[in-house]
Student: 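Below is the structure I would like to discuss, written out as structure tokens.
All values below come from the heavy atoms of this structure, side chains included, with hydrogens, waters and symmetry mates left out.
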Amino acid sequence: MQILYSNMPPLSVKEGQKTFNTAFMEAAKESDRLDIAVGYVSKGSLLELEQIVDELGIQQVRLNMGMYMIEGIAESTYRTALDVNKRWQEKGVGKILLIQPFKYHGKVYVFYRNSHPFCAFIGSHNLGALKLDASNRRQYEISAETRNIEEVQEIASFVESLSPLSKNIADTGSYKIKLIREVNTSLSGVELVSEVPEKSVELYQKHRVGNVFKLPLKVPSRADIEYDLAHGTQTAKFTKSNINVCYAAPRYARKNRDWYETQLTVSAAVRRQEGYPEKNHPFFVVTDDGYWFKAHTTSDGNKQFSAVGDELIMGRWLKGRLAAAGLVTPVNNTGEDIERRGMITREMLQAYGADSLEFSKTDQIAQDEDGTELPVWTLSFVSENDEKSSHEEEND
């Protein structure tokens with residue numbers, strides 16, 4: 001039996017000792033199949049494992065994740081696992097499973113060659129050990145490697161026993177796995193934006209009065225984008241989409257629009273509703289995820305809904321949430337994004353579970369910096385279908 005260490009001062013690996021990563025790569029290079037059952041993974045470690053499987057030509061891989069079906073999973077990790085699982089399934093390489101009936105906290109790795117297990121690790125290393133990041137870089141783990149055939153076979157049999165208790169991650173949607181929303185860091189440190197605690201958000205939601213104003217997000221499907229790319233066209237719905245206006249022609253020569261730029265245009269039917277904000281009369285908004293900033297309605301016909309003082313705030317709030325969920329990567333230069341990978345699509349909104357904004361006035365007021373009292377509104381990112389259902393229930 002060989003002990004596998006973390007390499008961390010003051011317990012740095014000594015001569016003759018192995019780190020987990022070194023041992024994993026050595027065994028993987030001898031393998032044509034990997035069978036892994038751990039409690040937790042990370043986005044980086046999933047991508048690292050996928051790369052290892054590709055580079056080493058491993059023919060079969062099965063990854064069991066043990067803690068998430070009951071505890072819930074960070075949404076970007078979930079999206080990454082779905083994507084890796086899809087690619088593995090398409091290639092016929094393997095699958096990612098979620099253990100269902102209980103929390104499995106073991107950490108076991110089994111390496112196969114020619115259908116026979118020849119090596120196994122057991123200890124405290126979760127999959128995140130393959131790709132250290134800020135969350136686990138200062139976390140010490142220890143495991144053991146065995147090549148004793150009886151021990152390896154017993155561990156392999158245990159991992160096999162988990163299969164009937166597991167579901168492919170692609171099939172878990174109907175089981176309502178809890179997605180843990182991740183912090184939108186796009187607004188961190190942004191001037192004119194502050195944070196409010198969750199209890200305050202809930203309080204303001206309870207004080208809503210009057211009409212709820214809806215703003216559906218207009219976005220293309222990925223198929224629409226692929227069609228335009230193939231035919232050298234660009235339909236207006238791409239550049240005039242209220243969330244994708246950053247792909248419109250630049251306002252200034254040699255300077256493309258910022259990826260976070262949005263133009264939220266409210267329909268005339270909504271603007272005619274009683275209580276719609278007056279033009280250029282600022283108010284505070286408290287968002288459903290705990291941010292606070294000033295907003296107003298502007299432009300001809302009072303049709304633009306935007307933050308006050310920084311035209312990127314609304315985009316940082318909205319598109320930043322999709323980025324935090326792992327659904328899109330912010331683009332540094334929209335002019336160079338030829339494939340439009342940073343364009344928000346219908347599929348992204350469906351995956352996030354929200355496709356509309358709603359804002360509503362409360363009966364609360366707050367003081368501006370100059371002492372002026374301004375009304376407080378709520379602002380939420382919601383699913384239009386869910387909202388229709390809830391209103392129908394209220395009317396029953």
Side-chain angles (χ1 to χ4, degrees), residues 43 46-47 50-51 54 73-93 95-96 168-174 177 179 181-182 184 186 214-250 256-265 314-357 381-387:
K43 178 179 177 180
L46 287 167
L47 297 174
E50 181 183 29
Q51 183 175 333
D54 286 344
I73 184 171
E75 54 189 339
S76 65
T77 301
Y78 178 70
R79 310 291 179 202
T80 303
L82 280 176
D83 291 343
V84 172
N85 181 68
K86 182 180 179 182
R87 290 190 288 268
W88 280 350
Q89 299 254 267
E90 290 173 348
K91 296 175 183 177
V93 170
K95 54 191 174 182
I96 297 177
N168 190 299
I169 192 170
D171 301 328
T172 55
S174 60
I177 183 170
L179 292 186
R181 296 295 191 195
E182 298 186 66
N184 174 14
S186 300
K214 298 286 184 60
L215 176 55
L217 297 178
K218 302 173 183 177
V219 295
S221 68
R222 188 65 212 177
D224 292 333
I225 297 172
E226 297 296 343
Y227 179 89
D228 270 18
L229 291 174
H231 292 80
T233 59
Q234 180 154 301
T235 57
K237 65 182 175 182
F238 291 0
T239 57
K240 291 185 178 180
S241 162
N242 46 24
I243 195 171
N244 288 317
V245 71
C246 58
Y247 287 96
N256 292 306
R257 294 177 184 240
D258 192 292
W259 184 75
Y260 287 107
E261 182 180 344
T262 62
Q263 286 184 3
L264 302 180
T265 303
M314 201 67 78
R316 287 185 177 278
W317 171 66
L318 184 56
K319 298 170 84 169
R321 291 173 70 159
L322 300 175
L327 292 167
V328 65
T329 300
V331 173
N332 291 328
N333 188 328
T334 53
E336 295 178 356
D337 184 18
I338 305 301
E339 295 184 350
R340 299 296 191 252
R341 291 295 170 187
M343 187 170 278
I344 306 305
T345 65
R346 193 176 305 147
E347 292 83 356
M348 293 177 188
L349 298 183
Q350 288 173 347
Y352 190 79
D355 55 15
S356 302
L357 303 185
F381 190 18
V382 300
S383 168
E384 185 177 17
N385 290 334
D386 287 347
E387 288 303 305

Student: What is the minimum heavy-atom distance between A81 and I169, and which atoms define it?
Tutor: CB-CD1, 3.6 Å
Student: Could you walk me through whether D54 and K91 pass salt bridge (Lys or Arg N to Asp or Glu O under 4.0 Å), step by step?
Tutor: CA-CA 11 Å; D54 286 344; K91 296 175 183 177; 3.4 Å; yes
Student: How many angstroms lie between atom CG of L82 and atom OG1 of T77, to the nearest 0.5 angstrom?
Tutor: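 The OG1 atom of T77 is 11.0 Å from CG of L82, to the nearest 0.5 Å.
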Student: Once rounded to the nearest 0.5 Å, what's the spacing between atom CG of L217 and atom OG of S356?
Tutor: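 Answer for the CG-OG pair, L217 versus S356, is 6.0 Å.
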Student: Looking at every heavy atom in both W259 and G342, which two are closest together, and how far apart are they?
Tutor: NE1-O, 2.8 Å
Student: Quick one: does P220's side chain get under 4.5 Å of D228's, heavy atoms only?
Tutor: no
Student: Could you give the distance from CG (D83) to CG (L46), rounded to the nearest 0.5 Å?
Tutor: 10.0 Å
Student: With no hydrogens and no angle check, is any side-chain donor or acceptor of N242 less than 3.5 Å from a backbone partner on K218?
Tutor: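 Judged by distance alone, yes, a pair lies under 3.5 Å.
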Student: Where do T334 and Y247 come nearest, in terms of heavy atoms and distance?
Tutor: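 For T334 and Y247, the tightest heavy-atom pair comes out as O-CE2, 3.8 Å.
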Student: Counting C-beta onward and ignoring hydrogens, is there a side-chain heavy-atom pair between I96 and V84 closer than 4.5 Å?
Tutor: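 Side chain of I96 against side chain of V84, heavy atoms only: contact under 4.5 Å found.
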Student: Using modelled atom types only, decide if a donor and an acceptor are shared between the side chain of R340 and the backbone of L229 within a distance under 3.5 Å.
Tutor: no
Student: Using a 6.0 Å cut-off, check whether atom CD of E339 has over 12 heavy atoms from anything other than its own residue.
Tutor: no
Student: Quick one: does N184's side chain have a donor or acceptor within less than 3.5 Å of a partner on R316's backbone?
Tutor: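 A pair under 3.5 Å: yes.
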Student: Report the distance from atom CG of N333 to atom CZ of R257, rounding to the nearest 0.5 Å.
Tutor: 13.5 Å
Student: Given side-chain contact (heavy atoms from CB on, under 4.5 Å), test L357 with V382 step by step and report yes or no.
Tutor: CA-CA 6 Å; L357 303 185; V382 300; over 6 Å; no
Student: Testing R181, E182, K43 for side-chain hydrogen bond (donor to acceptor under 3.5 Å, both in side chains) with S76, which one passes?
Tutor: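 So, applying the side-chain hydrogen bond (donor to acceptor under 3.5 Å, both in side chains) to S76 and each of R181, E182, K43, only E182 qualifies.
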Student: Counting C-beta onward and ignoring hydrogens, is there a side-chain heavy-atom pair between R341 and V331 closer than 4.5 Å?
Tutor: no
Student: On a heavy-atom basis, which atom in R79 and which in G326 lie closest, and how many Å separate them?
Tutor: CB-O, 4.4 Å
Student: Would you tell me whether Y352 and R321 have side-chain atoms, one donor and one acceptor, within less than 3.5 Å of each other?
Tutor: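 Yes, a side-chain donor-acceptor pair sits under 3.5 Å.
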Student: Donor-acceptor pair, Q263 side chain versus V245 backbone, under 3.5 Å?
Tutor: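 Judged by distance alone, no pair lies under 3.5 Å.
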Student: I want to check something: taking the side chain as every heavy atom from C-beta on, are W317 and T262 in contact at a cut-off of under 4.5 Å?
Tutor: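 When only atoms from C-beta onward are counted, T262 and W317 do not touch, as no gap falls below 4.5 Å.
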Student: Kindly compute the distance separating NZ (K319) from CD1 (I243), expressed to the nearest 0.5 Å.
Tutor: 6.0 Å
Student: Test V219 against every option in I225, L349, T345 by the side-chain contact (heavy atoms from CB on, under 4.5 Å) rule and name the one that passes.
Tutor: L349
Student: Between CG of N332 and CG of D337, what distance do you get to the nearest 0.5 Å?
Tutor: 10.5 Å
